[in-house]
Every structure is written in C-alpha cells, then in structure tokens.
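Note that the structure is a prediction, hence the values are computed from the model and not measured. A note on names: the letters A, B, ... follow the listed sequences, proteins ahead of strands, and every chain is numbered from 1.
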There are 2 protein chains.
Amino acid sequence: MPNQDGTGPRWMHGKFKCCGYRMTKPREAILDVLENTQEHLSAEDIYLAVHKFYPNIGLTTVYRNLEMLVNIEMIVKFDFGEGKSKYELSDHYSGKGHHHHLVCKECYKVVDYSDFMKDEVNFLKSTEDGLSKKYKFNITDHLIQFFGVCEKCSNK
Amino acid sequence: MPNQDGTGPRWMHGKFKCCGYRMTKPREAILDVLENTQEHLSAEDIYLAVHKFYPNIGLTTVYRNLEMLVNIEMIVKFDFGEGKSKYELSDHYSGKGHHHHLVCKECYKVVDYSDFMKDEVNFLKSTEDGLSKKYKFNITDHLIQFFGVCEKCSNK
DNA sequence: CTCCTATTGGTAATGGTTGTCATTAACAAA
DNA sequence: TTTGTTAATGACAACCATTACCAATAGGAG
Ligand SMILES: [Mn+2]
Ligand SMILES: [Mn+2]
Ligand SMILES: [Zn+2]
Ligand SMILES: [Zn+2]
C-alpha cells in the first residue's frame with residue numbers, strides 16, 4: 001500500500017524532519033505496512049510485505065529503520081517469547097490506544113486488550129510512584145503481559 | 001558450592017524422581033549456583049560458575065537443563081531486553097517469594113520488588129478473571145516489569 | 001542544480017540457542 | 001554388588017535473528 005492517494009507528503013514527514021531524519025521510501029513503506037495491519041509483525045514479516053512493493057529494499061534496512069522508529073517512539077518493540085521481536089505502531093499513532101497483551105504460550109497468538117484499564121491505571125500510577133521513590137528509578141515505561149493457552153490450543 | 005555438607009540426597013532429589021528425571025551432577029550444580037545468588041543469571045553465567053567446580057560440564061548441558069528446570073517450574077526464565085535470557089529460582093524455592101522486576105534500560109540492572117503487592121494482587125485477580133472469560137484464555141502466568149533509568153545511569 | 005552526508009543494500013560476521021550423535025552414567029532390578 | 005536399560009551428557013556443528021561493514025546512492029538544504 002505505498003502512498004495510495006499520491007497526495008504528497010505523508011503525515012510522518014513532519015516528525016521525521018523535526019528529528020533530523022530524512023523521509024525515505026523504506027521508512028514510508030515500513031510505516032505503511034504497520035498502519036495497515038492489526039497484527040504484531042516481526043522484522044521479516046515487514047520485510048516481506050515491503051518487498052512486494054519495493055523488491056529492492058533490504059532486510060538490513062528494515063532492521064535499521066525499525067530501531068530508529070522505536071527510538072523516536074513511533075513504534076514499539078515487543079518480545080512475546082517467540083524468539084523474535086514483534087513491532088506495532090505506538091499508542092499515539094495506532095488508533096488502538098494504550099493496551100496490553102494476552103499471549104498464547106502454544107501458538108503465540110496475541111490479543112490486544114484495553115479492558116480493565118481503570119484498575120490498571122490506578123495500579124500503575126501508585127506502583128510507579130512508589131517504585132520511583134524507593135528505588136531512585138526514573139520510570140518511563142511498563143510491560144504487562146498475561147500468558148496462557150487460547151481456546152483453540154486447549155482443544156487439542 | 002557443590003553439596004557443602006555431604007549429607008546425601010539433596011532437597012531437589014524428590015522432585016526430580018517424581019517427575020521421572022534422574023539426579024545428575026550438572027543439575028545439582030546448576031541449582032546450587034542459583035541457590036547461592038541474588039542475581040538474575042544468564043545461561044553462560046551459570047555455565048561459568050558451574051565450570052569452576054566441574055570443568056567438564058558443557059554449555060549445551062546447561063541449556064538443556066535450564067529448559068527442563070523451567071518446564072518443571074523449579075526455575076523461571078526472563079527476558080529483560082538484553083538479548084539473552086536470565087534465570088532465577090521460582091518463587092517456591094527461592095525465599096524471595098513472588099516479586100516483579102524493575103529494569104534499567106541503560107545498564108540492565110534488575111531490581112526485585114515485592115512492595116505494592118496488595119494493589120498488584122487485586123489488580124491481577126480481577127484482570128485475569130475478566131480476561132479469561134472474555135477471551136476464552138486459560139491464563140497461567142503474568143509478566144509485570146517496569147522500565148526506567150537507575151540512579152547511577154541518570155548521573156552520566 | 002550541486003554538494004554534503006544520511007541512508008541504503010549486499011554480504012559477512014556475531015552471538016545466543018538448538019540439533020546431532022557417539023559415549024557415559026543413573027538407578028531399578030536382580 | 002553386578003547388570004541392563006536408557007536418560008543424560010559433552011563436543012561440535014548448525015541455526016537464525018540481529019548487527020557490523022563499506023562502497024554506492026539519493027534526500028533535501030542552499
Ligand atoms: Mn498490541
Ligand atoms: Mn527476580
Ligand atoms: Zn494458542
Ligand atoms: Zn542503570
């Protein structure tokens with residue numbers, strides 16, 4: 001899905017420029033892929049998707065740009081225990097909003113959930129404050145994942 | 001610290017036998033290392049520590065046994081984003097009891113904390129119940145980690 | 001349009017982890 | 001204690017996600 005409408009500069013252009021980065025085909029393509037999926041993609045997933053439209057974009061470039069995009073917080077990197085990292089657009093850009101993950105230990109299916117966020121927010125607020133003070137940490141982030149076995153995998 | 005007191009079968013003997021596993025030097029040595037540290041060790045850390053007492057125990061054996069020990073839930077495997085897994089005795093065997101982790105993104109220092117567990121337990125209970133029902137997951141486990149920058153790394 | 005330099009793509013290297021297989025040793029049974 | 005079965009080991013090679021390297025390319029400011 002490269003720039004379907006051909007309407008000039010993309011939304012991410014400003015963000016890039018203001019961070020001192022150039023707007024390039026690979027970057028645009030990678031973000032396009034992430035915009036148009038609900039899934040959590042690996043570097044290779046993204047490489048393959050990008051490859052369909054720009055067969056000359058290399059896997060190395062995908063890795064490099066994923067790292068850069070994580071740094072400027074346009075995307076987030078996750079480890080679900082599968083042996084490779086997965087990526088998704090960060091809360092601000094994704095439309096999904098802030099959410100956590102429920103992971104099947106058998107098939108690695110990942111469910112986004114944002115239920116129970118009231119409880120979570122309370123819990124996180126108080127815990128982060130307490131931990132920051134007690135352990136002199138400047139806390140910037142948290143990771144909450146539940147693991148289990150999905151319905152499909154239970155019936156086997 | 002191999003079997004300091006020489007008083008025959010170790011505490012883990014029973015657990016092993018009842019699971020159909022044999023009691024071997026490498027297994028005993030690995031558990032000894034994990035018993036005598038407060039840190040979160042990598043496979044290689046453990047290999048090196050074991051190596052001092054049993055120089056002929058191989059790294060492969062360490063990996064194999066770590067996997068086995070995770071399976072029978074005597075130890076727990078963690079990923080703190082460092083590119084290699086870390087291991088510690090599981091709650092039941094460690095004396096630390098159930099706890100979560102605070103991780104420095106700069107130096108990968110890991111702090112065990114069990115403060116604020118009342119809030120956590122409430123939050124986890126209700127969330128797990130809700131998620132189990134809504135998403136038909138049989139939830140067995142959770143991962144809660146806070147990330148930030150430790151005091152030492154802040155002053156640089 | 002030009003120039004500077006960030007970025008790229010191909011390829012080799014890295015490093016944690018796993019697979020293979022002949023040899024060894026735990027331990028149940030005799 | 002001796003024996004037999006087979007789980008477990010150790011050395012080594014292979015795997016695979018990720019990184020390093022470097023010469024060639026292409027953003028985009030001026
Ligand atoms: Mn998600
Ligand atoms: Mn711990
Ligand atoms: Zn599943
Ligand atoms: Zn630190």
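Picking from C/dT8, C/dG9, D/dG10 the nucleotide with the shortest atom distance to the side chain of A/I57 gives C/dG9. Closest to the A/R64 side chain, of the nucleotides D/dC22, D/dG27, D/dT18, is D/dC22. Which of C/dT7, D/dA17, C/dT8 sits closest to the side chain of A/T61 comes down to C/dT8. Of the candidate nucleotides C/dC27, C/dT8, C/dG16, C/dG16 has the atom nearest to the side chain of B/E44.
In this structure, CE of A/M68 is placed 14 Å from P of D/dG27, rounded to the nearest angstrom. Spacing between atom CG of A/D79 and atom P of D/dC16 amounts to 18 Å, rounded to whole angstrom units. If you measure from atom CG of B/L59 to atom P of C/dG15, you get 14 Å, rounded to the nearest angstrom. We find that CZ of B/F16 is positioned 16 Å from P of D/dA7, with the value rounded to whole Å. Across the protein-nucleic acid pair, A/Y108 atom OH and D/dA17 atom P stand 13 Å apart, rounded to whole Å. Whole-Å rounding puts the B/R27 CZ to C/dT24 C1' distance at 14 Å. The CG atom of A/D45 sits 10 Å away from the P atom of D/dA17 (whole-angstrom rounding). Residue A/Y54 contributes atom OH, which lies 13 Å from atom P of C/dT8 at whole-angstrom precision.
Aromatic ring centroids of B/Y135 and B/F137 lie 6.0 Å or more apart.
Note on B/N56: every side-chain N or O is 4.0 Å or more away from OP1 and OP2 of D/dA11. Of the side-chain N and O atoms in A/S85, one or more sit less than 4.0 angstrom from OP1 or OP2 of D/dT18. Look at A/Y63 and you'll find a side-chain N or O under 4.0 angstrom from OP1 or OP2 of D/dT18. Contact annotation: B/T24 reaches the phosphate of D/dT9 (side-chain N/O to OP1 or OP2, under 4.0 Å). Dashed line: the shortest gap from a side-chain N or O of A/T60 to OP1 or OP2 of C/dT8 is not under 4.0 Å.
Ring planes of B/Y21 and B/F16: perpendicular class, angle over 60° (limits at 30 and 60°). Using cut-offs of 30° and 60° on the angle between ring planes, the pair A/H51 and A/Y47 is tilted.
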Take A/H100 and B/T127, measure what side chain to side chain contact (heavy atoms under 4.5 Å, CB included) needs, and give me the verdict at the end. CA-CA 11 Å; A/H100 294 146; B/T127 305; over 6 Å; no
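For C/dA6, its base sits under 3.5 Å from the side chain of A/R22 at one donor and acceptor pair at least.
Between the side chains of A/H40 and A/E88, a donor-acceptor pair is found at a separation under 3.5 Å.
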